[in-house]
Amino acid sequence: MSNPEKSVRNDAAIALSKCGRKAVFPMINLLDSKEWVIRYRAAEVLGLIGDETAIIHLTKLLTDEKDHVRYMAAKGLGNFKKKELALSLIRMLSDENEYVRRISAVSLGNIGGKTAYMSLKKAAGTETDERAKAAMIESIGRIEPTLEENQ
């Protein structure tokens, strides 16, 4: 996880995610690392595994000082598709980093629901980065049909 080669770190993350639940607690322990790359990769693994034990830890990472870590935490939370996570991700639609805003929009699109939908519409109306705005609009489009089905 701390190898200087990005491809090696990526391969390690994929291998660890295939370990499933056995890797959850070791990855949670890495979230306190001083190295942001390790926190980033540990968050990635936790999101890929999808064990609900990680939710609270990934949610805490949404306030990490490093934008890469916030990005991966937001991405991982979207994999859980739990409506109650929408509130945490909605805050990220106003993050200072456009990549964090973009992945938060994608994750909200995965989660769905009226709260996510309304928040994405509001954020898209003020978003200045074209790629983040496009992600918001795409997520709105994915959620909208599901809202109509539930009425």
Side-chain angles (χ1 to χ4, degrees), residues 1-113 115-117 119-140 142-143:
M1 297 289 275
S2 61
N3 190 291
E5 292 293 322
K6 184 178 182 178
S7 63
V8 172
R9 293 190 309 268
N10 185 58
D11 291 346
I14 291 168
L16 285 164
S17 69
K18 290 178 182 176
C19 293
R21 186 151 173 64
K22 290 185 276 186
V24 170
F25 289 105
M27 292 301 101
I28 288 171
N29 290 332
L30 291 178
L31 297 178
D32 290 328
S33 174
K34 290 181 182 180
E35 294 181 53
W36 71 265
V37 173
I38 292 177
R39 295 192 311 273
Y40 170 87
R41 289 296 179 178
E44 178 182 29
V45 172
L46 290 169
L48 290 170
I49 292 171
D51 186 282
E52 291 188 11
T53 306
I55 290 174
I56 192 166
H57 302 282
L58 291 174
T59 302
K60 287 179 184 175
L61 288 181
L62 293 175
T63 61
D64 196 274
E65 64 191 36
K66 185 67 176 167
D67 54 6
H68 289 68
V69 177
R70 295 191 309 273
Y71 170 95
M72 196 54 76
K75 182 178 180 181
L77 288 170
N79 291 339
F80 289 95
K81 299 183 180 174
K82 293 182 144 300
K83 300 239 186 306
E84 59 268 23
L85 296 175
L87 293 177
S88 296
L89 289 166
I90 288 166
R91 290 191 320 257
M92 305 312 291
L93 294 174
S94 59
D95 191 88
E96 65 190 43
N97 183 279
E98 68 272 10
Y99 292 100
V100 174
R101 295 193 305 273
R102 189 182 336 163
I103 199 64
S104 297
V106 170
S107 288
L108 285 165
N110 291 341
I111 290 170
T115 302
Y117 176 81
S119 297
L120 284 163
K121 284 192 71 109
K122 182 179 177 185
T126 59
E127 179 58 58
T128 56
D129 181 80
E130 288 304 315
R131 291 179 295 180
K133 186 173 190 159
M136 292 171 185
I137 291 169
E138 193 271 332
S139 288
I140 290 166
R142 285 189 315 169
I143 295 171

Supply the atom-to-atom distance [X] [atom1] to [Y] [atom2], rounded to the nearest 0.5 angstrom.
{"X": "I111", "Y": "L85", "atom1": "CD1", "atom2": "CG", "value": "5.0 Å"}
{"X": "I28", "Y": "D51", "atom1": "CD1", "atom2": "CG", "value": "7.5 Å"}
{"X": "T59", "Y": "L87", "atom1": "OG1", "atom2": "CG", "value": "11.0 Å"}

K66 atom NZ, neighbour heavy-atom count above 12 within 6.0 Å =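 Enclosed: over 12 neighbouring heavy atoms sit under 6.0 Å from NZ of K66.
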Compare all side-chain heavy atoms of [X] with those of [Y] and state whether any distance is below 4.5 angstrom.
{"X": "F80", "Y": "I55", "value": "yes"}
{"X": "L31", "Y": "L46", "value": "yes"}
{"X": "M92", "Y": "L62", "value": "yes"}
{"X": "Y40", "Y": "D64", "value": "no"}
{"X": "R91", "Y": "S94", "value": "no"}

Are any of the side-chain nitrogens in [X] or [Y] under 4.0 Å away from the carboxylate oxygens of its partner?
{"X": "K133", "Y": "E130", "value": "no"}
{"X": "D129", "Y": "R101", "value": "no"}
{"X": "R102", "Y": "E98", "value": "no"}

For [Y], is there any backbone N or O sitting under 3.5 Å from a side-chain donor or acceptor partner on [X]?
{"X": "R70", "Y": "L61", "answer": "no"}
{"X": "S139", "Y": "L108", "answer": "no"}
{"X": "N79", "Y": "G50", "answer": "no"}
{"X": "S107", "Y": "A74", "answer": "yes"}
{"X": "S119", "Y": "A116", "answer": "no"}

Taking all non-hydrogen atoms of both residues into account, name the closest pair between L93 and E127 and its distance.
->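 Where L93 meets E127 most closely, the heavy atoms are O-OE1, 4.3 Å.
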Quick one: do K6 and R41 satisfy side chain to side chain contact (heavy atoms under 4.5 Å, CB included)? Show the steps, please.
-> CA-CA 10 Å; K6 184 178 182 178; R41 289 296 179 178; 3.9 Å; yes
